[in-house]
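Protein chains get the first letters and strands the later ones, always in sequence-line order, with residue 1 at the start of each.
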Amino acid sequence: MTATAPAAPPRTGAPGDGGPDAPRALRVWRSARTPVAVVTALVVVSVLLSLGTERFPTGYLEPGSVSPDGTRALVEVLGEDRDVDVVRSSAAAGEAVARAGGDAVLVVTLDHRLLPSELEELAALDTDTVLVQPSVASLAAFAPGVEVTGREVPDNILEYGFAPECGLPAAEAAGNATVGGELYSAPAGADATGCYPGGSGDALLRVEDGGTATTVLGTGTPLTNTALDTGGNAALAMNLMAADDVVWLRPDPPRQEGSATLWELVPPGLRWSLVPLVATLLLLALWRGRRMGALVPEALPVVVRASETTEGRAGLYQARKARDRAAYALRSGFLERTVPKLGLSAETAPEAVVETVAARTGDDPGHLRALLYPDGHDPYAADDDALVRLADELDERTRRLR
Amino acid sequence: MVVTGRAVLLAFLATVAVALSGLVGAWAAVAALVLLALLLVADVCLAASPAALRLSRDGDSSLRLGDSAVVHVTLANPTRRRLRGSVRDAWPPSSHAAPRGQPVRVDAGERRRVTTTLTPSRRGDARAAGVTVRTIGPLGLAGRQRTLTAPWTVRTLPPFHSRRHLPGKLSRLRELEGQHTAMVRGQGSEFDSLRDYVPGDDVRSIDWRATARNDGVVVRTWRPERDRRILIVLDTGRTSAGRVGDTPRLDHAMDAALLLAALAGRAGDRVDFMAYDRRTRAQVRSSGKGSQVNRIVEAMAPLEAELVESDPAGLVGTVLGTQGRSRRLVVLLTDLNAAALEEGLLPRLPLLTSRHLLLVAAVRDPAVDGMAGERGGADALYRAAAAERTLSERRRVTAELRRLGVEVVDADPEHIAPALADAYINLKAQGRL
């Protein structure tokens, strides 16, 4: 079955002139080519710009991030003399620790993203652990009994830091560090060493439990790119992660499962009623939009005000402040109206006109001469007030001559 | 295809039903759509076909501006179905056709008349645009629509407002012909008859020969010339497009021309009419005696001002060439526009005035007169000066025309028609025709 092409519309203009008679495709192309060119240019430029830049992940304590709160600097330094595994889930962390064999340190950041069961699994790994600002659940899993006893963030922590004031070699060797934040205290009887004491606890707490040690750090600040070169931060971090393998766990946010969207909660009948609703709206549009026959065009004659040219001239006079021309027009109007009434002809000499008008109105002929026939300098065209005076005087003469 | 509000209501009810249907929603939606579509299609198919209608027209074909015309369309339904629906007889917007649409019912084989009233707001020809017939099916849900052609033209004639001046001017004309004949013994007056002397008659009009043959004293009576030819020329160039008051200058000129034509027709003169800008737009030649007013009105109706400069050379050539050779009164209705007249008409006037008597009539704009009287502040004076300048040019052109032996009538829209009639009567009284 073949469709026959519709007959081409009759063309009256020359083909390809781009006018209203050009083929439809050509007209569409001509009107669309500018937007298409602009969009193409924008895409090309943005692609070229993005080619030169490397994308880094961002986020707090993100090992790949180069932003101030990232830890790319520390991970790079660690990577110089030991293996660093960056993992994103507890399962991967477990595998990495197992792969590393005995000598490994597990660094756990953002552990509030981990489920309790995952925390239990991690705590069961037989390895040293560094917890960075752990959650309560995490503390309970890794170092039972340790409690958060306070929170202290000194204003100038980045400049001075805390003194270690303890017997932990890692901290003693590092010296002052910008720790702070949450403070912890170990339960009585535990094999714990607290360092960097604040008001109500220690900012760094190391709990030995059997063969493994759990180090709790109150804040991640010393590890970040900004603070790493301040005081003993770098040394402290290196000392805490002193092992052949460092497994850096920064879990991804847990994915939601099993929740229903609003759409799924709507009863199916209501959902399906959208289909007839659309049909209803279409019918409504057709009902209201269908016109009783086409619009009737009508050619209307062009009609302008007959006084348009006069008003245009008035506007020009006003715009250019053409007082001389205005004064001339007012005077000649007065003379043309008055002179025939005085029994004089239009060709009468100015002197005769002045004489006759003066005789009738009793004006001074010299003043009248200046009023009606100024020679050279016209005092009535000096400014707008003079022009108003001229009109008033002419009107006054008209009244007297009546 | 059209749908009605009833179809929309049905679709909405179907929507509600589907919404309440619960778990079988999908099936309900499909069923509702299919049912709705079936009903609509059935109704469209069962509606009477509008294309099968036979249309015929009758009614008024011309009216004066300001009146209303009634136009009928007769719908004949030759099908075997009853036609139910509505009809719209479409006219251009300025015709103000009412009603816009009306319900109609034509039984099978019957015919029905639909009436539309036109109240045009504009002079000229209005052509019927088409008759739109919408038929609705028996369920009242949907139907068909088709626009059919039924050509008809209604001509709106100039209103001829100045008709009210006609009785007064006619009585003046009768005074010329009647008892005051003796008073108007001018050159060229025609001998009419002899009658008995009545005290008060001019003794100079006593015909002594006739008196000698009769018992009493007999006077000669004259009457104004009859069977003179008058050519009314309407300038439809750009200057006539100007609006004076609410009406274009052209319409004021038409009004004055109609009064003159009516008056001259009653006075026994032959009136020709011509509208000209760069070519002849309309022309009426007198054929024998009788009033030409109706023919002139017909010729005027479709005239509109053209936005071109008038061609005075062509105008003079047309007046001199195509019309008869005898002397006539040429009445030119135009504008006393200094630039247009001085460059165009004045140099060619001697040709015309050597053979004919020319009368130029122009509508003056009261707005310009009002502007010339504006006072108070410099801005008002600039306007007054501009108006004075326009008036001054007008006076100059008028003086120049009069110097060349042309009669000039220059009056505002209210008075142009009677002023032109007066000028004609005066010319007639002076025997200058």
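Closest approach of A/A314 and B/M371 over heavy atoms only: CB-CE, 4.3 Å. Minimum heavy-atom separation, B/T147 to A/G293: OG1-CA, 3.9 Å. Closest approach of A/S307 to B/V368, counting heavy atoms only: CB-CG2, 3.9 Å. Smallest separation of non-hydrogen atoms from B/A7 and A/L283: O-CD1, 4.0 Å. Across all non-hydrogen atoms, the minimal contact from A/P276 to B/L33 is CA-CD2, 4.2 Å. Between B/V8 and A/T280, the closest heavy-atom pair is O-CG2, 3.8 Å.
For chain B, no part of A/A327 is nearby; none of its heavy atoms comes within less than 4.5 Å. With a 4.5 angstrom heavy-atom cutoff, B/A26 touches chain A via backbone and side-chain atoms both. For B/L40, the part lying under 4.5 angstrom from a heavy atom of chain A is the side chain only. Proximity to chain A (any heavy atom under 4.5 Å) is shown, for B/R383, by both the backbone and the side chain. At a 4.5 Å heavy-atom cutoff, the contact between B/R88 and chain A is made by backbone and side-chain atoms alike. With a 4.5 Å cut-off on non-hydrogen atoms, B/L9 does not touch chain A at all. Looking at B/E374, there are no atoms closer than 4.5 Å to chain A (heavy atoms on both sides), in backbone or side chain. Only the backbone of A/A299 comes within contact range of chain B, with heavy atoms under 4.5 Å apart. Of the two parts of B/S86, the backbone and the side chain both hold a non-hydrogen atom closer than 4.5 Å to a non-hydrogen atom of chain A. Contact of B/V131 with chain A is not made at all, since no heavy-atom distance falls under 4.5 Å.
With contacts defined as side-chain heavy-atom distances shorter than 4.5 Å, the pair A/D395/B/R375 qualifies. No side-chain heavy atom of B/L381 sits under 4.5 Å from any side-chain heavy atom of A/R323. For the pair A/E298/B/S95, no side-chain contact is recorded, criterion being any heavy-atom separation below 4.5 Å from C-beta on. Taking 4.5 Å as the limit, every side-chain heavy atom of B/M1 sits out of range of all side-chain heavy atoms of A/R290. Put simply, the side chain of B/L20 does not reach to within 4.5 Å of the side chain of A/L270, judged on heavy atoms. Under the 4.5 Å side-chain criterion, counting only non-hydrogen atoms from C-beta, B/E388 is in contact with A/R337. Looking at heavy atoms from C-beta onward, A/M292 lies in side-chain contact with B/R134 at the 4.5 angstrom threshold.
Around CZ of B/R146, the count of heavy atoms belonging to other residues, nucleotides or ligands within 6.0 Å does not exceed 12. Heavy-atom neighbours of A/D252 CG from other residues, nucleotides or ligands within 6.0 Å: above the threshold of 12. Taking a 6.0 Å sphere around OH of A/Y328, one finds it holds 12 or fewer heavy atoms contributed by other residues, nucleotides or ligands. In the displayed structure, A/E355 atom CD is contacted under 6.0 Å by at most 12 heavy atoms of other residues, nucleotides or ligands. Within 6.0 Å of the CH2 atom in A/W272, the count of heavy atoms belonging to other residues, nucleotides or ligands does not exceed 12.
The candidate with the highest count of non-hydrogen atom pairs below 4.5 Å against chain B, out of A/V275, A/L295, A/L284, A/L390, is A/L284. Looking only at heavy-atom pairs under 4.5 Å with chain A, the residue among B/V244, B/L307, B/T4 that has the most is B/T4. Ranked by non-hydrogen atom pairs under 4.5 Å with chain A, the options B/T132, B/V133, B/V2, B/V24 are led by B/T132. With respect to chain A, the highest number of heavy-atom pairs below 4.5 Å among B/L391, B/L23, B/T390 belongs to B/T390. Of the residues considered (B/G5, B/A28, B/A380), B/G5 shows the highest number of contacts with chain A, using heavy-atom pairs under 4.5 Å. Your options are A/R325, A/R291, A/E308, A/R331, and the one with the most heavy-atom pairs under 4.5 Å with chain B is A/R291. In terms of non-hydrogen atom pairs under 4.5 Å with chain B, the most contact-rich of A/R305, A/R288, A/K321 is A/R305. Chain A forms the most heavy-atom pairs under 4.5 Å with one residue out of B/S21, B/A17, B/G130, B/G22, and that residue is B/G22. When the candidates B/E306, B/R100, B/R122, B/E304 are compared by the number of heavy-atom contacts under 4.5 Å with chain A, B/R122 comes out ahead.
With no hydrogens or angles considered, a side-chain donor-acceptor pair links A/D384 and B/Y382 at under 3.5 Å. Judged by distance alone, the side chains of A/S332 and B/S392 never bring a donor and an acceptor atom under 3.5 Å apart. A/S273 and B/T15 form no side-chain donor-acceptor contact under 3.5 Å, judged by distance and modelled atom types alone.
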Step-by-step salt bridge (Lys or Arg N to Asp or Glu O under 4.0 Å) determination, B/R396 to A/E336:
CA-CA 10 Å; B/R396 197 180 71 235; A/E336 283 169 19; over 6 Å; no

Given side-chain contact (heavy atoms from CB on, under 4.5 Å), test B/R6 with A/W287 step by step and report yes or no.
CA-CA 10 Å; B/R6 203 183 283 185; A/W287 173 45; over 6 Å; no

